[in-house]
Enquirer: 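Can you read through this structure? Questions will come right after.
Values reported hereafter were calculated over all heavy atoms of this structure, with side chains retained and with hydrogens, waters and symmetry mates removed. For reference, positions follow the sequence shown, starting with 1. Whatever order the structure lists ligands and atoms in, that order sets their numbers, starting from 1.
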Amino acid sequence: MLGPLPRESPQKRARAVSGTLRLILGDQLTPGLTALDGLDPASDVVVMAEVRAEATYVRHHKQKIAFLFSAMRHFAAELSARGVRVDYWRYDDPDTPESLDAVVAAALARHRPDQMVLTEPGEWRVRQMMETWRETLPVPVHIRPDTRFIATLEEFEAWAEGRRSLRMEFFYRQMRRKTGLLMDGDQPVGGQWNFDAANRKRLPASTHVPHRRRFAPDAVTREVLDLVERTFADHFGTLEGFGWGVTRADALRALEDFIAQALPSFGDFQDAMKTGEDFLFHAVLSPYLNCGLLTPLEVCQRAEAAFQAGAAPLNAVEGFIRQIIGWREFVRGLYWLDMPAYADTNALDARRPLPAFYWTGETDMACLAATVDVTRRTAYAHHIQRLMVTGNFALLARLDPRAVQDWYLAVYADAYEWVELPNVQGMVLFADGGRLASKPYAASGAYINRMSDYCRSCRFDPGEKLGASACPFNALYWAFLMDNEARLKPNPRMAMPYQTLARMEAGQRAALKAKAEDFLAGLDRTGPAPGY
Ligand code: FAD
Ligand code: DLZ
Ligand code: SF4
């Protein structure tokens, strides 16, 4: 809660007027942020703060904290260089309070502004905090919309009105029309809205995977890395090899690197996974987009320009743009529409605690070990690793949605609740009962074997269902279908797997169920990872 703040009469405040206090959060590092609109350098002050409460509300990956603190320090320095007065509260300054609430109280006492201006935050939790500021602070508090997104929250709400289930594809078309991206008048360029059918190819072993641009830490980042190593030693992840850019100039370089090196093959190999290749043909731009160093529209326009210049094919560029103006905007709209109840949905009644290997990586299942390993080393994993490896396991093993949410929110440099939560609740766990996805993304070992080379080095066999070497995903998959038959069988999109299940002999069904239960009992015996 807010610390003590002297309340003054309006007359006294009027005499002490020093302009507007503008608070900028760690994921609001955008020069065009609405909280900065109308800034008067002569009288206004910008407040930014590295605070314990934000750094520990989940135990964020060390690289996520270092990335954000360094990006915040660089952004503050850039504002100062433009003549803006910035009151920056560093984590290692003993005067820095522990929470945003307390920073705001201290900054108001220090600067005595006549109003405070904010941009709406990315999390329900922080929005609630801001609402209490409106009620309790002695100055007017103005919360402005976040115009960095393409759709306004009102626009999404109007689109969703009256629809029981929400499908990204239709919203996406509205966003194409709104932005004019890949549009030919009122029609999609190429005559189709979606070229996914041309995507999702297996990655031939001979395919050259480009080396991706990473960034050597400068002096500011090195100082932050030291701070994080000292202060957050018990958080997940390693700082070794930290390679994130921390300025807008870096982020623009990363965008150019993606456009030149990876975009042309982005569509084809969007769903592929390969041992030792952390980034494949993905953008690796989400940390920059989500903290504001890049804006979604500029990134999409750059990709469209590459298509127009003949430097990237339509299936790649359409697929990439869809991820951003489709999925990214869609999950944000859904988050704000359905919160706070959305976080508590648990349609499949999943209750199992998070197994220790999500933190330690210690498992014989090679695909899971590889995904946890890249996450630990880089605070990144690409979408198919998040969805079809750690996500698929969480779905099939019926892990508690809260525990899964906290894990995804902690371990990725791009994770903020507005984007993490719908991906976990809706896309991975089907906890929302189908609000976001038309069916659960459940898969057996065959899928992972088709889309990756992980199975080659695994002690399990994706082709086996019941033997000692059987891939655990297989029994878990069939047991999941059996256990959720009443709920999922009527879904027309689940017809194929349920037809296969129906053809199975009763004995085989029972054996698969017993095998899954045996595996899960073993998992439960391992208990949580020490320290988590
Ligand atoms: P690319 O694959 O190159 O895609 C380009 C961009 O499209 C991304 O940078 C991202 O901005 C956007 N995008 C793609 N897929 C999604 C999606 N499903 N939802 C929203 N935006 C998308 N993304 C986050 O930004 N933050 C998260 O906290 C997050 N948590 C996730 C949790 C789970 C369980 C899953 C399955 C996905 C999650 N995603 C999250 C979505 C997606 O995995 C990441 O956006 C992507 O891996 C980021 O890497 P990239 O920049 O290389 O993306
Ligand atoms: C994620 C994060 C972290 C680790 N640290 C800070 C911080 O010290 N100061 C800050 O202003 N923001 C931080 N953030 C981002 C906030 O948690 C984020 O603004 C909210 O979650 C709303 O999206
Ligand atoms: Fe993963 Fe199963 Fe393949 Fe092993 S065999 S890598 S557990 S899918």
Side-chain angles (χ1 to χ4, degrees), residues 23-28 48-58 60 64-65 67-69 72 89 91 100 103 121-123 125-127 168 258 262-263 266 270 279-291 294 296 299 319-324 326-332 363-370 380-394 404-405 408-409 412-425 427-429 441 443-449 452-464 469-474:
L23 178 70
I24 298 199
L25 302 174
D27 54 355
Q28 299 184 333
M48 298 178 68
E50 299 165 2
V51 291
R52 184 169 173 73
E54 293 307 308
T56 58
Y57 69 93
V58 289
H60 303 287
K64 180 179 180 185
I65 301 175
F67 164 66
L68 223 54
F69 282 9
M72 287 171 70
W89 302 68
Y91 197 91
L100 291 174
V103 164
E123 298 199 0
R125 169 185 70 83
V126 183
R127 177 80 207 201
M168 185 280 295
F258 164 64
L263 177 62
F266 173 86
Q270 205 178 335
F279 307 123
L280 286 171
F281 299 94
H282 290 272
V284 202
L285 294 176
S286 48
Y288 309 127
L289 279 164
N290 295 353
C291 79
L294 294 175
V299 166
F320 177 68
I321 286 177
R322 174 158 28 88
Q323 304 312 309
I324 297 184
W327 278 114
R328 188 171 185 271
E329 294 287 325
F330 178 77
V331 299
R332 179 201 183 225
T363 164
D364 288 348
M365 297 172 76
C367 52
L368 284 163
Y380 173 88
H382 63 72
H383 187 63
I384 292 304
Q385 292 169 315
R386 297 188 204 195
L387 179 64
M388 299 310 295
V389 181
T390 42
N392 188 32
F393 188 89
V404 180
Q405 287 165 30
Y408 279 98
L409 192 55
Y412 293 115
D414 58 24
Y416 300 90
E417 200 182 70
W418 65 266
V419 51
E420 164 272 320
L421 192 73
N423 272 294
V424 168
Q425 295 295 94
M427 201 179 288
V428 157
L429 297 181
Y441 283 85
S444 67
Y447 175 87
I448 294 173
N449 189 34
S452 79
D453 62 358
Y454 295 141
C455 304
R456 278 190 227 155
S457 59
C458 187
R459 93 160 172 80
F460 298 110
D461 179 350
E464 240 191 82
S469 313
C471 166
F473 275 114
N474 293 340

Enquirer: Could you please tell me which protein N, O or S atoms lie under 2.8 Å from atom 1 (Fe) of ligand 3?
Expert: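 Within the sphere that stays under 2.8 Å of atom 1 (Fe) of ligand 3, the protein atoms of type N, O or S are Cys367 SG.
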Enquirer: With a heavy-atom distance limit of 4.0 Å, tell me whether Gln270 approaches ligand 1 through its side chain, its backbone, both, or neither.
Expert: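 Under 4.0 Å from ligand 1, Gln270 contributes no heavy atoms.
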Enquirer: Is Phe320 in polar range of ligand 1, meaning some N or O pair under 3.5 Å apart?
Expert: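 Looking only at distances, the answer is no, because the N/O contact criterion of under 3.5 Å is not met.
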Enquirer: Using side-chain contact (heavy atoms from CB on, under 4.5 Å) as the criterion, list what pairs up with Asp414, not counting sequence neighbours.
Expert: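 For Asp414 the side-chain contact (heavy atoms from CB on, under 4.5 Å) partners, ignoring immediate neighbours, are Ser286, Pro287, Asn290, Arg386, Tyr412.
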Enquirer: Using a 4.0 Å heavy-atom cut-off, say whether Pro422 meets ligand 1 through its side chain, its backbone, both or neither.
Expert: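 For Pro422, no heavy atom sits under 4.0 Å from ligand 1.
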Enquirer: Got an N/O contact under 3.5 Å between Val428 and ligand 1?
Expert: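 Among all N and O atoms of Val428, none is under 3.5 Å from an N or O of ligand 1.
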Enquirer: Can you list the atoms of ligand 2 that are under 4.0 Å from a heavy atom of His60?
Expert: 4 (C)
Enquirer: Sequence neighbours left out, what passes salt bridge (charged side-chain N to carboxylate O under 4.0 Å, His left out) with Arg456? Give chain and number order.
Expert: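 By the salt bridge (charged side-chain N to carboxylate O under 4.0 Å, His left out) rule, Arg456 matches no residue at all.
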Enquirer: Looking only at distances, can you tell me whether any N or O atom of His282, backbone or side chain, sits closer than 3.5 Å to an N or O atom of ligand 1?
Expert: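 Yes: some nitrogen or oxygen of His282 is under 3.5 Å from one in ligand 1.
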Enquirer: Does ligand 2 have any atom that is closer than 4.0 Å to a heavy atom of Tyr91?
Expert: no
Enquirer: Taking both backbone and side-chain atoms of Asn290, is any N or O found less than 3.5 Å from an N or O belonging to ligand 1?
Expert: yes
Enquirer: Classify the contact between Phe266 and ligand 1 as side chain, backbone, both or neither, using a heavy-atom distance cut-off of under 4.0 Å.
Expert: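 Side chain only.
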Enquirer: If I apply the N/O under 3.5 Å rule, does Val284 come out as touching ligand 1?
Expert: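 Yes, since at least one N or O of Val284 sits under 3.5 Å from an N or O of ligand 1.
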Enquirer: Strictly under 4.0 Å, does any heavy atom of Met72 approach an atom of ligand 2?
Expert: yes
Enquirer: Is ligand 1 less than 4.0 angstrom away from at least one heavy atom of Pro296?
Expert: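 The answer is no, since Pro296 has no heavy atom less than 4.0 Å from ligand 1.
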Enquirer: Taking only residues two or more places apart in sequence or in another chain, which ones pass side-chain contact (heavy atoms from CB on, under 4.5 Å) with Arg52?
Expert: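 Arg52 satisfies side-chain contact (heavy atoms from CB on, under 4.5 Å) with Thr56, Tyr91, Glu98 only.
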Enquirer: For the residue pair Phe473 and Phe393, does the interplanar ring angle fall in the parallel (under 30°), tilted (30 to 60°) or perpendicular (over 60°) class?
Expert: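 Perpendicular, since the angle between the ring planes exceeds 60°.
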